[in-house]
K.L.:
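Have a look at the structure that comes next, please.
Sequence positions, counted from 1, serve as the residue numbers for this chain.
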Amino acid sequence: QTDRKSEPDQVIQTEKVLDTLHLATNPNMEYVVQVLAQIFTLDHSVPYQISVGSGEALGKRIQQDSLFHFIFSTERTWLDSLYKAGISSEKPADLAYGKLVLWTMQTGFMPDFVALRSSNIDQVAMPDPNTTAYGATIQSILEKEQMIDFLGPRLVYQKNLAETNQLITNGDVSIGFTSKSMVLSP
């Protein structure tokens with residue numbers, strides 16, 4: 001039996017202290033990730049840095065050797081592709097599920113499907129169903145409710161939820177589909 005202290009060549013590994021927690025997220029989850037990072041900082045006294053961008057923009061940064069400890073996204077297929085390409089060391093996991101809401105900054109009507117059928121609604125904002133999970137879900141709901149043809153010319157497609165919210169909050173559209181977390185965030 002040997003004493004570790006008497007073996008000077010033996011290296012005892014210690015856990016490396018994290019200098020800064022590097023997080024990446026798309027605009028849809030920015031506020032949620034900020035709250036998670038703040039909680040982590042309170043618990044561990046580690047500062048954080050959040051990079052916000054589209055999957056494409058973040059993907060370019062990741063390929064240029066940007067280090068992110070965690071990547072948060074509503075685009076599961078993009079996260080799966082990072083894992084399959086060997087860029088991510090961990091298989092993506094679903095941590096939360098979002099809720100969609102119909103929202104407006106205008107007064108005089110309730111933002112619901114009855115309002116969508118009204119002639120008072122001139123434009124309806126939503127994220128692009130071809131490039132976003134939320135947009136694809138909204139498209140599916142509108143098809144199920146048989147409203148695609150009715151709303152078709154009034155639908156205003158945006159690149160992501162952040163851009164959709166900008167149209168809604170600026171009053172540039174009558175009403176729009178967004179995530180509940182975006183509506184409740186500061």
K.L.:
Got a donor-acceptor contact below 3.5 angstrom from the S140 side chain to the A136 backbone?
P.N.:
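Not confirmed, S140 side chain does not pair with A136 backbone.
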K.L.:
Give, for atom CD of Q166 and atom CG of L161, the distance between the pair rounded to the nearest 0.5 Å.
P.N.:
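Interatomic distance, Q166 CD to L161 CG, rounded to 0.5 Å: 13.0 Å.
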K.L.:
Heavy atoms only: give me the nearest M126-T164 pair and the separation to one decimal.
P.N.:
C-OG1, 3.5 Å
K.L.:
Any idea which heavy atoms bring E145 and F113 closest together, and the distance?
P.N.:
CG-CE2, 4.0 Å
K.L.:
Compare all side-chain heavy atoms of N160 with those of P127 and state whether any distance is below 4.5 angstrom.
P.N.:
no
K.L.:
What residues form a side chain to side chain contact (heavy atoms under 4.5 Å, CB included) with V33, not counting sequence neighbours?
P.N.:
L23, T25, M29, I50, F72
K.L.:
Apply side chain to side chain contact (heavy atoms under 4.5 Å, CB included) to the pair F109 and I121, showing each step before the final yes or no.
P.N.:
CA-CA 10 Å; F109 66 92; I121 305 297; 3.7 Å; yes
K.L.:
Out of curiosity, does L116 fall in the hydrophobic cluster containing V183 (side-chain heavy atoms, cut-off under 4.5 Å, transitive links)?
P.N.:
no
K.L.:
Among the clusters formed by ILVMFWY side chains lying less than 4.5 Å apart, do Y31 and W103 turn up in the same one?
P.N.:
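Looking at the clustering, W103 is in a separate group from Y31.
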K.L.:
Taking H69 for its side chain and H22 for its backbone only, find out whether a donor-acceptor pair lies under 3.5 Å.
P.N.:
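Checked: pair present.
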K.L.:
Which atom pair, heavy atoms only, marks the closest approach of P92 to Y83?
P.N.:
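Between these two residues, the closest heavy atoms are CD-CB, 3.8 Å.
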K.L.:
Once you round to the nearest 0.5 Å, how far does CD1 of I87 lie from OG of S89?
P.N.:
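Going from CD1 on I87 over to OG on S89, the span is 11.5 Å.
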K.L.:
About how many Å separate CD of Q34 and OG1 of T41, when rounded to the nearest 0.5 Å?
P.N.:
11.5 Å
K.L.:
Apply side chain to side chain contact (heavy atoms under 4.5 Å, CB included) to the pair Q139 and Y157, showing each step before the final yes or no.
P.N.:
CA-CA 11 Å; Q139 181 87 12; Y157 298 105; 3.9 Å; yes
K.L.:
If we only count heavy atoms from C-beta on, is the V46 to T20 side-chain gap below 4.5 Å?
P.N.:
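No; the side chains remain at least 4.5 Å from each other.
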K.L.:
Contact between I175 and I168 at the side-chain level, heavy atoms closer than 4.5 Å - yes or no?
P.N.:
no
K.L.:
Nearest 0.5 angstrom please: N120 CG to Q106 CD, how far?
P.N.:
9.5 Å
K.L.:
Not counting sequence neighbours, which residues clear side chain to side chain donor-acceptor pair (under 3.5 Å) with S73? List them please.
P.N.:
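Partners of S73 under the side chain to side chain donor-acceptor pair (under 3.5 Å) test: N26.
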K.L.:
Heavy atoms, side chains only, cut-off 4.5 Å: are T178 and V101 in contact?
P.N.:
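The answer is yes; the side chains approach within 4.5 Å.
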K.L.:
Can you confirm whether F70 is buried at CZ, in the sense that more than 12 heavy atoms of other residues, nucleotides or ligands lie under 6.0 Å from that atom?
P.N.:
no
K.L.:
Decide if atom CD of E30 counts as having more than 12 heavy atoms of other residues, nucleotides or ligands within a radius under 6.0 Å.
P.N.:
yes
K.L.:
Would you call L167 and V156 a side-chain contact if the rule is heavy atoms closer than 4.5 Å?
P.N.:
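Touching, per the 4.5 Å side-chain cut-off.
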K.L.:
Can you see which heavy atom on R154 is nearest to which on S118, and at what distance?
P.N.:
NH1-O, 3.2 Å
K.L.:
Quick one: do L102 and I138 end up in the same hydrophobic cluster if we chain Ile, Leu, Val, Met, Phe, Trp and Tyr together by side-chain heavy atoms under 4.5 Å apart?
P.N.:
yes
K.L.:
Keeping the roles fixed (side chain from T104, backbone from S174), state whether a donor-acceptor pair exists under 3.5 Å.
P.N.:
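Yes, T104 side chain to S174 backbone: donor-acceptor pair under 3.5 Å.
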K.L.:
Decide if atom CG of N170 counts as having more than 12 heavy atoms of other residues, nucleotides or ligands within a radius under 6.0 Å.
P.N.:
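More than 12 heavy atoms, drawn from other residues, nucleotides or ligands, come within 6.0 Å of this atom.
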K.L.:
As an exercise, state the distance from CE of M147 to CD1 of I141, rounded to the nearest 0.5 Å.
P.N.:
11.5 Å
K.L.:
Applying salt bridge (charged side-chain N to carboxylate O under 4.0 Å, His left out), which residue pairs with at least one partner in residues 84-102 are found, sequence neighbours left out?
P.N.:
R76-D94
K.L.:
Are V52 and L95 connected in the hydrophobic side-chain network, where two residues link if heavy atoms are under 4.5 Å apart?
P.N.:
yes
K.L.:
Taking a hydrophobic cluster as the set of Ile, Leu, Val, Met, Phe, Trp and Tyr residues connected by side-chain heavy atoms closer than 4.5 Å, whether directly or through intermediates, do L21 and V32 fall within one such cluster?
P.N.:
yes
